[in-house]
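Heads up, the thing below is written out as structure tokens.
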Number of protein chains: 2
Amino acid sequence: MTSPGEPGPGTFTYAYPRPALTVDCVVFGLDVDDLKVLLIQRRLEPHQHMWALPGGFVRLDETLPDAARRELAEESGITDVYLEQLYTFGALDRDPRERVVTVAYYALAKLSDHRIRAATDAERVAWFALDGLPRLAFDHAKIVERAIERLRGKVRYAPVGFELLPPRFTLTQLQRLYEIILMQPLDKRNFRKKLLSMDLLIETDEVEQGVRHRAARLYRFDKKKYEKLTRQGFSFAI
Amino acid sequence: MTSPGEPGPGTFTYAYPRPALTVDCVVFGLDVDDLKVLLIQRRLEPHQHMWALPGGFVRLDETLPDAARRELAEESGITDVYLEQLYTFGALDRDPRERVVTVAYYALAKLSDHRIRAATDAERVAWFALDGLPRLAFDHAKIVERAIERLRGKVRYAPVGFELLPPRFTLTQLQRLYEIILMQPLDKRNFRKKLLSMDLLIETDEVEQGVRHRAARLYRFDKKKYEKLTRQGFSFAI
DNA sequence: GCATCTTAGTGTACAACATACACTAATAAC
DNA sequence: GTTATTAGTGTATGTTGTACACTAAGATGC
């Protein structure tokens with residue numbers, strides 16, 4: 001059913017029509033006091049010059065998460081993120097050209113780690129605060145909305161928040177992270193009590209640098225122990 | 001990019017190769033004392049005569065959930081189920097013929113409601129207990145496994161269990177349902193206390209029929225009220 | 001080196017919720 | 001009316017969540 005001709009456009013023929021299949025990524029990054037999303041400005045039609053999620057067509061020789069990572073790297077330069085499937089969007093009219101089904105992923109990136117740079121289909125790349133998003137191409141606003149919902153849910157019963165922080169962090173940074181994602185203030189003593197009682201934070205002998213007040217102790221998350229406990233039925237909860 | 005020729009096989013050509021896109025459904029039904037999954041026996045290659053999940057190719061003029069419902073109705077005769085997207089599976093070798101990406105759905109059906117009957121691609125249709133599943137075609141065992149995980153998670157913080165019961169049910173039936181899905185015994189008094197304290201069960205003036213002991217009162221779930229409370233931030237939990 | 005500023009770090013009392021547990025009441029069947 | 005079976009109910013205890021405010025440490029500027 002498929003005719004040959006590997007790289008570059010060719011002619012591929014099938015007995016039944018097929019939707020195009022793409023992946024799109026909602027990449028979250030934690031800034032000083034808000035949560036940001038990575039967007040690219042489209043170089044090409046449709047929706048030329050509009051802001052959109054990084055993403056693109058799935059190739060036959062790559063899995064869905066591979067496609068998501070490739071597109072992310074190509075269009076924005078971002079690599080090494082925590083990536084998880086979000087939802088598959090298939091409304092009939094979500095792309096003006098033809099039927100396109102997209103598998104959306106969401107990713108958590110450490111903002112400071114990444115020098116973003118636009119390339120391939122992207123004219124520009126930038127981080128946008130969640131409450132200051134521009135109008136987005138296609139149904140990408142819906143996808144972002146769903147990703148936020150999911151992140152808010154997930155962060156409460158899985159330790160994904162650590163993916164947004166540097167490997168060593170203070171308890172105050174961790175608390176700010178939860179406050180930003182959940183959009184509600186948390187009590188300092190109760191927060192520390194809960195987190196420390198899980199016994200998944202390892203106290204290091206370092207303190208934060210470059211602050212102009214008493215420096216806070218740095219902790220790391222004990223991922224190994226978390227995975228072990230999880231296998232034994234433990235469940236993380238904030 | 002697409003050439004015409006609507007129903008029946010034709011010739012559809014594209015500039016780049018495309019994976020085939022299918023949907024598959026994991027339909028759960030509640031039996032007297034276990035949870036069952038609906039399977040079909042494949043009439044066609046590949047994996048001819050093997051048991052598999054109902055599902056099939058997505059047409060260009062239907063949404064993903066529409067495709068799932070259509071395939072379910074065609075192959076098994078089941079309609080009117082609670083349907084929710086589960087996950088999209090895209091491993092390179094999940095179908096021996098060619099690259100096929102499938103959007104999996106899970107569905108909750110009231111066992112008694114449905115006269116199942118095989119048709120189209122299905123040689124037979126049957127309900128199988130979860131702990132007595134036959135070897136399944138493709139990666140369908142993985143899909144079922146993931147669906148069970150999801151159901152177990154979901155049932156704890158969303159009132160989806162009611163989709164498996166008749167509209168009027170006894171508290172004992174409801175408790176059995178949770179015990180079966182969660183695979184753990186629950187305390188009768190505590191269970192009733194918790195459920196009734198949410199104030200989402202409406203006591204009817206009917207009692208169950210045809211039992212040879214004291215008949216239990218029938219209740220209904222107040223879906224309207226649940227939706228209203230949910231919008232106000234309430235969250236269901238068992 | 002002292003005063004000031006800023007954040008780090010800590011404990012307790014009370015309320016809410018989860019858990020463990022056993023008997024009487026109602027109805028059907030005979 | 002006797003028996004069998006499930007319905008239906010409350011309380012005491014432990015565990016967890018919540019509300020709340022001060023002292024300690026270190027950095028900075030004088």
Side-chain angles (χ1 to χ4, degrees), chain A residues 30 32-33 152 155-157 159 165-166 168-180 182-221 229 233-238, chain B residues 30 32-33 155-157 159 165-166 168-180 182-221 229 232-238:
Chain A
L30 186 71
V32 184
D33 44 20
R152 284 210 177 109
V155 87
R156 298 179 148 277
Y157 62 86
L165 290 177
R168 290 164 185 237
F169 49 84
T170 68
L171 294 179
T172 300
Q173 288 176 322
L174 188 59
Q175 183 178 339
R176 279 298 293 143
L177 181 154
Y178 279 96
E179 289 177 331
I180 288 168
L182 300 176
M183 295 199 306
Q184 54 173 317
L186 299 171
D187 179 88
K188 183 156 88 163
R189 278 176 291 191
N190 294 337
F191 180 81
R192 284 166 185 238
K193 207 188 309 175
K194 195 166 195 172
L195 267 282
L196 293 173
S197 74
M198 287 192 260
D199 218 42
L200 287 170
L201 297 185
I202 301 172
E203 187 173 323
T204 71
D205 50 6
E206 294 165 62
V207 293
E208 62 182 332
Q209 300 296 319
V211 287
R212 50 192 202 172
H213 53 75
R214 175 178 177 183
R217 166 135 284 126
L218 293 175
Y219 289 80
R220 347 184 247 112
F221 175 64
L229 289 176
F234 163 83
S235 70
F236 184 94
I238 296 292
Chain B
L30 186 72
V32 183
D33 44 20
V155 86
R156 296 177 149 282
Y157 62 88
L165 290 177
R168 290 163 185 237
F169 48 84
T170 68
L171 294 179
T172 300
Q173 288 176 320
L174 188 59
Q175 183 178 340
R176 279 298 292 144
L177 180 155
Y178 278 96
E179 289 178 330
I180 289 169
L182 300 177
M183 295 199 305
Q184 55 173 314
L186 300 171
D187 179 88
K188 183 156 87 165
R189 278 176 290 190
N190 293 338
F191 180 81
R192 284 167 185 237
K193 208 189 307 175
K194 195 166 197 172
L195 266 285
L196 292 174
S197 76
M198 285 192 262
D199 218 42
L200 287 171
L201 297 186
I202 300 172
E203 188 174 322
T204 70
D205 48 8
E206 293 167 62
V207 293
E208 62 183 333
Q209 299 297 319
V211 287
R212 49 194 205 172
H213 54 76
R214 176 177 175 183
R217 166 135 283 127
L218 294 175
Y219 289 80
R220 351 185 245 108
F221 174 65
L229 289 176
Q232 294 165 21
F234 163 83
S235 71
F236 184 94
I238 295 293

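Protein chains get the first letters and strands the later ones, always in sequence-line order, with residue 1 at the start of each. These numbers come from a predicted model, not from an experiment.
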Separation of atom [atom1] in [X] from atom [atom2] in [N], rounded to whole Å:
X: Asp187(B); N: dA20(C); atom1: CG; atom2: P; answer: 8 Å
X: Met198(B); N: dA18(C); atom1: CE; atom2: P; answer: 10 Å
X: Arg212(A); N: dA8(C); atom1: CZ; atom2: P; answer: 14 Å

Selection from [options] that lies nearest to any side-chain heavy atom of [X]:
X: Arg192(B); options: dT9(D), dA8(C), dT6(D); value: dT9(D)
X: Asn190(B); options: dA20(C), dC20(D), dT6(D); value: dA20(C)
X: Arg189(B); options: dG10(D), dG9(C), dA7(D); value: dG10(D)
X: Arg214(B); options: dG26(D), dT27(C), dG11(C); value: dT27(C)
X: Lys193(A); options: dA22(C), dA19(D), dT19(C); value: dA19(D)
X: Ala216(B); options: dC21(C), dA7(D), dG9(C); value: dA7(D)

Side chains of Leu195(A) and Ile238(A): closer than 4.5 Å at any heavy-atom pair?
->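 Touching, per the 4.5 Å side-chain cut-off.
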
Under 3.5 Å: donor-acceptor pair, side chain of Glu208(A), backbone of Ala216(A) |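 Checked: pair present.
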
Would you confirm whether Thr170(B), through its side chain, and Leu218(B), through its main-chain N or O, come within 3.5 Å as a donor-acceptor pair?
->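 Judged by distance alone, no pair lies under 3.5 Å.
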
Establish, with yes or no, whether the OP1 or OP2 oxygen of dA7(D) is under 4.0 angstrom from a side-chain nitrogen or oxygen of Thr172(B).
->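 Yes, within the criterion.
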
Describe, in one word, how the ring planes of Phe236(A) and Phe221(A) are oriented to each other, choosing from parallel (under 30°), tilted (30 to 60°) and perpendicular (over 60°).
->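 Phe236(A) vs Phe221(A) ring planes: perpendicular.
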
Under 3.5 Å, is there an N or O donor on one side and an acceptor on the other linking the side chain of Lys194(A) and the base of dT18(D)?
->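 Check fails, no donor-acceptor contact within cut-off.
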
